[in-house]
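To start, the structure itself, in structure tokens.
Counting starts at 1 for both ligands and their atoms, in listed order.
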Amino acid sequence: MALTFTRRSLVVIVAALLLQLFVLAGLAPAAAGQTGKVTVFWGRNKDEGTLREACDTGMYTMVVMSFLNVYGSHGEYRLDLAGHPVGRIGGDVKHCQRKGVLVSLAIGGPGPSGAYSLQTNQSALDLFDHLWNTYLAGGSSRKDAVAAARPFGDAVLDGVDFFLDHATPAERYDVLAMELAKRSNTIGKPPLHLTATTRCAFPDPRAARALATGAFERVHVRFYGEDDGDNNCTMYWEDAWDRWTAAYPRSRIYFGLPAAAQDGRSGYVYPKTLYYRYVPELQKAANYGGFMIWDRYSDKQSGYSSYVKNWA
Ligand SMILES: *[C@@H]1O[C@H](CO)[C@@H](O)[C@H](O)[C@H]1NC(C)=O
Ligand SMILES: *[C@@H]1O[C@H](CO)[C@@H](O)[C@H](O)[C@H]1NC(C)=O
């Protein structure tokens, strides 16, 4: 009798403890703390140095090449790397990957509106084919003929970034995202790193449809620049950060910053302010991912990432 009673009390106590644990976990998800992850954009200025040099600094865990900024209805695809000689990039990509730095390619960008769009499912599927065969695993083993169409030869990029400055909610970036995710899951290699780089104000209607697929591993939110007139996003960054982190709990959210104070662009944060004011707030989120730095050229001048790297 006594034994049964004791057992039953134990069960009750353990159950109560477990319940409390679950409740606590539910109320206060564990803070992410530091991740050490820093992403940088490369390819906007020839004077920033090579991709290899960017990776050799040891400051970055991912480099996003930018941009593939012509695609869609024209049946034309164009990569714009601001005059960097394309011939040596394939070797640099492999060099970066050997050092553990991921290299991906951004589509879209701030360029002229009308240069890119995905109005139909078919244009999304066509862009998928282009990305797959030209930069990803498709065709990378078929040397000679196909290699000619691959600017980086048999180097295979690690991911694709959606940087949709000119897009309407109707465009089919969701179809592209799902196709990339599907293909990524069916090959035996490490999965593709699908990322999006959005404006700061939540939600960003240009990217919302793609993000709703749930296929994105990371979202880099640009806490600088264009948004400020309308919604004051960089001033009320905590509010925006909370919305982004809450909206996409399955994605890692990166805080995007300019590497230097520049011409009328808002959002520059002094390193000291970043450390004392921003870092503790950002790292409270369970899905804090790290920092995104815009861009390699500015960072090379300012050395901003040498601070960010330590605190990320
Ligand atoms: C486009 O693709 C989506 C998602 O696969 C599908 O639901 C939709 O019916 C397609 N639209 C057309 C016009 O084929
Ligand atoms: C942001 O909002 C604050 C408070 O409403 C206001 O004082 C400030 O002028 C706004 N800034 C911009 C750029 O709109």
For ligand 1, output the ligand-protein N/O contacts shorter than 3.5 angstrom; if there are none, return none.
unit_1	atom_1	unit_2	atom_2	d
ligand 1	2 (O)	Asn121	ND2	2.3
ligand 1	11 (N)	Asn121	ND2	2.9
ligand 1	14 (O)	Asn121	ND2	3.3

Ser251 side chain vs Phe216 backbone, donor-acceptor pair below 3.5 Å =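 Side chain of Ser251 to backbone of Phe216: a pair is present.
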
task = Output every pair passing disulfide bond (SG atoms under 2.5 Å apart) with a member in residues 79-108, not counting sequence neighbours, ordered by first then second residue.
result =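 Listed once each, the pairs are Cys55-Cys96.
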
Ignoring hydrogens and geometry beyond distance, is a side-chain donor-acceptor pair present between [X] and [Y] at under 3.5 Å?
| X | Y | value |
| --- | --- | --- |
| Asp161 | Ser104 | no |
| Arg172 | Asn121 | yes |
| Ser305 | Asp299 | yes |

Cationic N near anionic O, under 4.0 Å, Arg250 to Glu217 =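 So Arg250 does not pair with Glu217 through a salt bridge.
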
